[in-house]
Amino acid sequence: MRIGLYGGTFDPIHVGHLIVIENAINFMKLDRVIILPSSNPPHKKHKKKTDTNIRVEMVSEAIKDNDKIILSTFESTDDSVRYTHETIRYFKEAFKDDDIFYIMGEDSFLTIDTWKNYDYILDENIIVFTRSNIDKDSELVEKVELIKKDNPNIFLINNLNINISSTFIRNLVKNKLSIKYLVRDNVRYIIEKRGLYV
């Protein structure tokens, strides 16, 4: 099988995340995508985050009607920091006979040199999604082409220009504005019921 790994804070999970996953399944012929809510991502250690269990609940609700997306709590079982290279190693060991692909956005890829053991990550299968149309002369394309000289398994995919962020959604809620269609209805219900982001 071809399995994608997609980590994030998902505070909250929104349609942009789901479109990334669906595009990865479509364009990379993935059989499964394992979504990994992170309790304490290294780059957001000191940022305020919604309780991990609530974020996991929102992810679970958002994906429950898609049997190709599997929720894993590998990065959210406790408050410890889990590094991407550890996650990749774990799932490569767990799925020895399968091809593992790590899915990430262009912002993350452009700063990957700051990640712990990034050279290990850059030797793996990586799917990079853009937030806008791919510019052949962009820093992103230059970086992808440079790394591809050592690892041809870096795949750059245009993500239909879906430029939605969790920060944007939290700000809408804070300002008492609608988030309908930006998150799935069952996620919106959890946000409203629990009074998140107000």
Side-chain angles (χ1 to χ4, degrees), residues 1-10 12-38 41 58-72 74-75 84-85 87-92 94-113 115 118-166 168-169 181-184 187:
M1 283 203 304
R2 292 163 67 86
I3 300 172
L5 304 178
Y6 187 37
T9 312
F10 303 115
I13 185 169
H14 53 69
V15 295
H17 294 129
L18 300 174
I19 290 169
V20 163
I21 293 172
E22 201 66 16
N23 282 346
I25 290 169
N26 286 340
F27 294 116
M28 296 301 300
K29 308 293 186 224
L30 301 183
D31 300 290
R32 295 280 184 277
V33 169
I34 298 172
I35 189 166
L36 295 138
S38 177
M58 288 192 285
V59 169
S60 178
E61 284 296 313
I63 67 170
K64 68 181 182 182
D65 59 353
N66 190 333
D67 59 8
K68 287 196 170 186
I69 312 175
I70 310 298
L71 170 64
S72 169
F74 176 74
E75 293 191 350
T84 298
H85 72 94
T87 299
I88 294 172
R89 286 178 205 271
Y90 173 82
F91 283 99
K92 283 184 72 177
F95 298 97
K96 288 180 179 175
D97 298 326
D98 300 308
D99 294 321
I100 301 294
F101 296 78
Y102 191 79
I103 302 168
M104 65 195 321
E106 65 174 282
D107 297 346
S108 296
F109 186 75
L110 285 171
T111 60
I112 198 167
D113 307 44
W115 292 25
Y118 72 91
D119 48 349
Y120 172 84
I121 301 167
L122 290 177
D123 282 338
E124 300 303 314
N125 300 318
I126 300 177
I127 301 170
V128 183
F129 276 92
T130 66
R131 283 183 179 266
S132 57
N133 285 325
I134 297 173
D135 178 354
K136 292 178 185 176
D137 300 319
S138 70
E139 179 187 358
L140 175 64
V141 172
E142 285 180 10
K143 187 160 191 165
V144 167
E145 292 305 318
L146 181 64
I147 294 168
K148 271 186 145 182
K149 291 176 182 176
D150 295 316
N151 176 13
N153 296 318
I154 310 282
F155 306 93
L156 187 57
I157 297 179
N158 189 332
N159 192 30
L160 304 179
N161 301 324
I162 302 299
N163 194 1
I164 303 170
S165 73
S166 296
F168 175 64
I169 291 167
Y181 310 123
L182 296 175
V183 299
R184 301 205 62 181
V187 172

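Sequential numbering from 1 along the given sequence is applied to the chain's residues.
Distance CE/Met104 to CD1/Ile112: 4.0 Å, rounded to 0.5 Å. For the atom pair CZ (Phe27) and CZ (Phe155), the distance works out to 14.5 Å, reported to the nearest 0.5 Å. Atom CD1 of Ile34 sits about 6.5 Å away from atom OG of Ser72, to the nearest 0.5 Å. The OG atom of Ser108 lies 11.0 Å from the CD1 atom of Ile126; values are rounded to the nearest 0.5 Å. The OG1 atom of Thr84 sits 11.5 Å away from the CZ atom of Arg89 when rounded to the nearest 0.5 Å. Considering OH of Tyr102 and CG of Asn125, their distance stands at 13.5 Å, rounded to 0.5 Å.
Listed here is the closest heavy atom pair of Ile127 and Phe129: CG2-CE1, 3.5 Å. Residues Pro37 and Val59 share a closest heavy-atom pair of CG-CG2, 3.9 Å.
Tested against Ile169 for a side-chain contact (heavy atoms from CB on, under 4.5 Å), the candidates Ile164, Val15, Ile13 yield a single pass: Ile164. Each of Leu5, Leu18, Ile103, Ile21 was evaluated against Ile35; a single residue qualifies, Ile21, per the side-chain contact (heavy atoms from CB on, under 4.5 Å) test.
Other residues, nucleotides and ligands contribute over 12 non-hydrogen atoms within 6.0 Å of the CZ atom of Phe74. The neighbour count for Asp113 CG, taken as heavy atoms of other residues, nucleotides or ligands under 6.0 Å away, is above 12.
At least one donor-acceptor pair under 3.5 Å links the side chain of Asn151 to the backbone N or O of Glu124. The backbone N or O of Arg2 lies less than 3.5 Å from a partner atom in the side chain of Asp31, making a donor-acceptor pair. Without hydrogens or angle criteria, Ser166 side chain to Pro12 main chain gives a donor-acceptor distance under 3.5 Å. Here the side chain of Asp98 pairs a donor or acceptor atom with the backbone of Met1 at under 3.5 angstrom. Here the side chain of Arg32 pairs no donor or acceptor atom with the backbone of Ile70 at under 3.5 angstrom.
Arg184 and Asp65 are joined by a salt bridge, as a carboxylate oxygen and a charged side-chain nitrogen come within less than 4.0 angstrom of each other. For the pair Asp99 and Lys92, the salt-bridge criterion is not met [side-chain N within less than 4.0 Å of a carboxylate O].
Residues Ile88 and Tyr120 have side chains in contact (heavy-atom distance under 4.5 Å, counting atoms from C-beta outward).
The aromatic rings of Phe95 and Phe91 lie parallel to each other, their planes meeting at an angle below 30°, with 60° marking the opposite boundary.
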